[in-house]
Peer 1: 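Sharing a structure here in structure tokens format.
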Amino acid sequence: MLQINVEKNKRGFTLIELLVVIAIIAILIALLLPAVQQAREAARRSTCKNNLKQVAIALHNYHDTHRTFPIGAAINGGCTGYSGSHMFSWGVHILPFIDQANLYNNLNFSGSTVFVPHNFSSSTCLTAVQPYLCPSNPQPNVVVNTAGTFAGALPDGMGRTDLGGVADSINWKCSTAGVRPTTRGNGVLYGISSVKFRDITDGTSNTLLVGEITGSRSPSGLNGNSYTGYDVFDTSNGINSIDTVPGGGTFAFRPQGFSSYHVGGCHFVLCDGAVRFISENIDQGTLSGISTRAGGEVVGEF
């Protein structure tokens, strides 16, 4: 019997073919990664906006209860002296309205200072509050004070914040040399403020209430601001200015201004409760106009 052996040709990928496939996969990954990062940032930005909406509702509920917006920040000596106890900022006073009543009830408002309260404990008192934090900020959720002495010696573990009250369109401090929040701010949340809706004659939809701020490790050793203390700022240097980390600066407790890790601007709460993302390219005159509560400015679209 005649037997015919037929050899089957067995071929694999050549080295060149493998390299081509690898190159194609690398190109696809390079194209996909930015899209994934953009999707993640869009999700973080949406979460941040929702956080600010919670804060807006809390501020409105506070006003409904107390017939005024909370105090911005202050020392009970005002701008005339440097004696007296520091007073808790607006971020502390609205804690019961963002489901943080237990945290609020742990505080002793009689005889305690804001920076080093007598009953301070990083596990039970003045801890991080989620609505005050932006998920795009890579910093720790608590204040890290490696220098040990800064801004009243903020202790490690005090809750950090990515939000600040809009105190003024010019300068939130009592003076260029001083560090106390002005008691004559033309915004809504300033030193010893007690602003009511009726005082916002520029219109609640045209007046800023709260905006985003950023912090980063700096020579001072402080990685950010706390919602407990002088948590108010002004808009005199614009958004993402050179005084901010996104603007190329390093974190400074005073001054700072409004900024965020979102590209191109930051979120603000307006007095009507709306949350808007405002571009860093906004006209400075318009930004100043929407920072005042009763300036009588005529502002266009922003």
Peer 1: Of the options Phe268, Trp90, Tyr227, which is the one that meets Leu163 in a side chain to side chain contact (heavy atoms under 4.5 Å, CB included)?
Peer 2: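 It is Trp90; the other options fail the test.
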
Peer 1: For Thr68 and Ser194, test the side chains for any donor-to-acceptor distance below 3.5 angstrom and give the result as yes or no.
Peer 2: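 Per modelled atom types, Thr68 and Ser194 side chains form a pair under 3.5 Å.
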
Peer 1: Applying side-chain hydrogen bond (donor to acceptor under 3.5 Å, both in side chains), name anything that partners Asp202, two or more places apart in sequence or on another chain.
Peer 2: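 Asp202: side-chain hydrogen bond (donor to acceptor under 3.5 Å, both in side chains) contacts with Thr292.
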
Peer 1: Would Thr214 and Thr244 count as a side-chain hydrogen bond (donor to acceptor under 3.5 Å, both in side chains) here? Give the steps.
Peer 2: CA-CA 7 Å; Thr214 56; Thr244 68; 5.3 Å; no

Peer 1: Is there a side-chain contact (heavy atoms from CB on, under 4.5 Å) between Asp231 and Asn225 once you walk through the steps?
Peer 2: CA-CA 7 Å; Asp231 192 20; Asn225 193 32; 3.0 Å; yes

Peer 1: Output side-chain donor-acceptor pairs under 3.5 Å for residues 53-60, partner residues at least two apart or in another chain, one line each.
Peer 2:
unit_1: Lys53; atom_1: NZ; unit_2: Gly273; atom_2: O; d: 2.8
unit_1: His60; atom_1: NE2; unit_2: Cys271; atom_2: O; d: 2.9

Peer 1: So, do Arg45 and Ser136 sit near enough that their side-chain heavy atoms are less than 4.5 Å apart?
Peer 2: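 No, their side chains stay 4.5 Å or more apart.
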
Peer 1: So, Asp168 side chain and Asp234 main chain: donor-acceptor pair closer than 3.5 Å or not?
Peer 2: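 Looks like no, no N/O pair under 3.5 Å.
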
Peer 1: Is the backbone of Asn240 close enough, under 3.5 Å, to the side chain of Ser259 for a donor and an acceptor to pair up by distance?
Peer 2: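 Absent.
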
Peer 1: Are the side chain of His267 and the backbone N or O of Glu212 linked by a donor-acceptor pair below 3.5 Å?
Peer 2: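 Checked: no pair found.
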
Peer 1: Search all heavy atoms of Lys173 against all heavy atoms of Thr182 and return the closest pair with its distance.
Peer 2: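 Minimum heavy-atom separation between Lys173 and Thr182: O-CB, 3.7 Å.
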
Peer 1: Determine yes or no for a side-chain-to-main-chain donor-acceptor pair under 3.5 angstrom, with Asp199 supplying the side chain and Arg293 the backbone.
Peer 2: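 Not confirmed, Asp199 side chain does not pair with Arg293 backbone.
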
Peer 1: Over all heavy atoms of both residues, which pair between Thr201 and Ala294 is shortest? Give the atoms and the distance, please.
Peer 2: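 The answer is OG1-CB, 3.2 Å.
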
Peer 1: Check whether any side-chain heavy atom of Glu297 lies under 4.5 Å from a side-chain heavy atom of Ser288, and answer yes or no.
Peer 2: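 Not touching, per the 4.5 Å side-chain cut-off.
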
Peer 1: Return yes if some donor-acceptor pair links the side-chain N/O of Ser46 with the main-chain N/O of Ala42 below 3.5 Å, else return no.
Peer 2: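 Between the backbone of Ala42 and the side chain of Ser46 there is no qualifying donor-acceptor contact (under 3.5 Å).
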
Peer 1: Parallel, tilted or perpendicular: which fits the ring planes of His66 and Phe97, with parallel below 30° and perpendicular above 60°?
Peer 2: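 It falls in the perpendicular class, over 60°.
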
Peer 1: Check the surroundings of atom CD1 in Ile16: do more than 12 heavy atoms from other residues, nucleotides or ligands lie under 6.0 Å from it?
Peer 2: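 Check fails, neighbour count at 12 or below.
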
Peer 1: Mind running side-chain contact (heavy atoms from CB on, under 4.5 Å) on Ile282 and Ile290 for me, showing each step along the way?
Peer 2: CA-CA 11 Å; Ile282 185 174; Ile290 60 177; 4.3 Å; yes

Peer 1: Counting C-beta onward and ignoring hydrogens, is there a side-chain heavy-atom pair between Val232 and Tyr190 closer than 4.5 Å?
Peer 2: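 A side-chain contact under 4.5 Å is absent here.
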
Peer 1: Looking at side-chain heavy atoms only, is the closest gap between Leu208 and Phe258 below 4.5 Å?
Peer 2: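 Of all side-chain heavy-atom pairs linking Phe258 with Leu208, none is under 4.5 Å.
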
Peer 1: Give a yes or no on whether Val20 and Leu28 share a hydrophobic cluster (residues Ile, Leu, Val, Met, Phe, Trp, Tyr; joining criterion: side-chain heavy atoms under 4.5 Å apart).
Peer 2: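 Result: yes, single cluster for both.
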
Peer 1: So which heavy atom on Pro70 is nearest to which on His93, and how close?
Peer 2: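 Smallest heavy-atom distance, with atoms named: CB-CB, 4.0 Å.
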
Peer 1: Just do the side-chain contact (heavy atoms from CB on, under 4.5 Å) check on Val166 and Val188 with the steps written out, would you?
Peer 2: CA-CA 6 Å; Val166 181; Val188 177; over 6 Å; no

Peer 1: Drop me the distance from Cys174's SG to Arg184's CZ, to the nearest 0.5 angstrom.
Peer 2: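 Cys174 atom SG to Arg184 atom CZ measures 7.0 Å (nearest 0.5 Å).
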
Peer 1: Quick one: do Ser205 and Asp272 satisfy side-chain hydrogen bond (donor to acceptor under 3.5 Å, both in side chains)? Show the steps, please.
Peer 2: CA-CA 5 Å; Ser205 61; Asp272 64 354; 4.7 Å; no

Peer 1: Are side-chain heavy atoms of Ile200 and Phe69 found at a separation under 4.5 Å?
Peer 2: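 Side chain of Ile200 against side chain of Phe69, heavy atoms only: contact under 4.5 Å found.
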
Peer 1: Say you draw a straight line from CG of Asn137 to CZ of Arg44; how long is it, rounded to the nearest 0.5 Å?
Peer 2: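 If we round to the nearest 0.5 Å, Asn137:CG and Arg44:CZ are 11.0 Å apart.
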
Peer 1: Indicate yes or no for a side-chain donor-acceptor contact from Ser193 to the backbone of Gly72 under 3.5 Å, with no hydrogens or angles considered.
Peer 2: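 Side chain of Ser193 to backbone of Gly72, a donor-acceptor pair under 3.5 Å: yes, one is there.
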
Peer 1: Tell me, with the steps shown, if Tyr132 and Leu95 meet side-chain contact (heavy atoms from CB on, under 4.5 Å).
Peer 2: CA-CA 11 Å; Tyr132 297 164; Leu95 286 175; 4.0 Å; yes

Peer 1: I need the Ser236 OG to Gln284 CD distance, nearest 0.5 Å.
Peer 2: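 So the OG of Ser236 and the CD of Gln284 are separated by 7.5 Å.
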
Peer 1: For Ile239 and Ser279, work out which heavy atoms get closest and say how close.
Peer 2: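 Closest approach of Ile239 to Ser279: CD1-O, 3.7 Å.
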
Peer 1: With sequence neighbours left out, what residues match Arg160 under salt bridge (Lys or Arg N to Asp or Glu O under 4.0 Å)?
Peer 2: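 Once residues adjacent in sequence are excluded, the partners of Arg160 under the salt bridge (Lys or Arg N to Asp or Glu O under 4.0 Å) criterion are Asp162.
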
Peer 1: If I compare all heavy atoms of Gly265 with all of Ser260, which pair ends up nearest, and what's the gap?
Peer 2: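 Closest approach of Gly265 to Ser260: O-OG, 2.6 Å.
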
Peer 1: Between Ser291 and Thr235, what is the shortest heavy-atom contact and its length?
Peer 2: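 Heavy-atom minimum between the residues: OG-OG1, 2.7 Å.
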
Peer 1: In a check of side chain to side chain contact (heavy atoms under 4.5 Å, CB included) between Thr161 and each of Val129, Leu133, Asn141, Ile213, which one passes?
Peer 2: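 Testing Thr161 for a side chain to side chain contact (heavy atoms under 4.5 Å, CB included) against Val129, Leu133, Asn141, Ile213 leaves exactly one candidate, Ile213.
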
Peer 1: Treat each ILVMFWY residue as a node, draw an edge where side-chain heavy atoms are under 4.5 Å apart, and state whether Leu209 and Phe277 are in one component.
Peer 2: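 Result: no, two separate clusters.
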
Peer 1: About how many Å separate CD of Gln130 and CG of Asp99, when rounded to the nearest 0.5 Å?
Peer 2: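 Atom-to-atom, Asp99:CG and Gln130:CD are 13.0 Å apart.
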
Peer 1: Heavy atoms, side chains only, cut-off 4.5 Å: are Val245 and Tyr261 in contact?
Peer 2: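 Side chain of Val245 against side chain of Tyr261, heavy atoms only: contact under 4.5 Å found.
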
Peer 1: Quick check: is Ile170 connected to Val195 through a chain of hydrophobic side chains (ILVMFWY, heavy atoms under 4.5 Å apart)?
Peer 2: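 No, Val195 and Ile170 fall in different hydrophobic clusters.
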
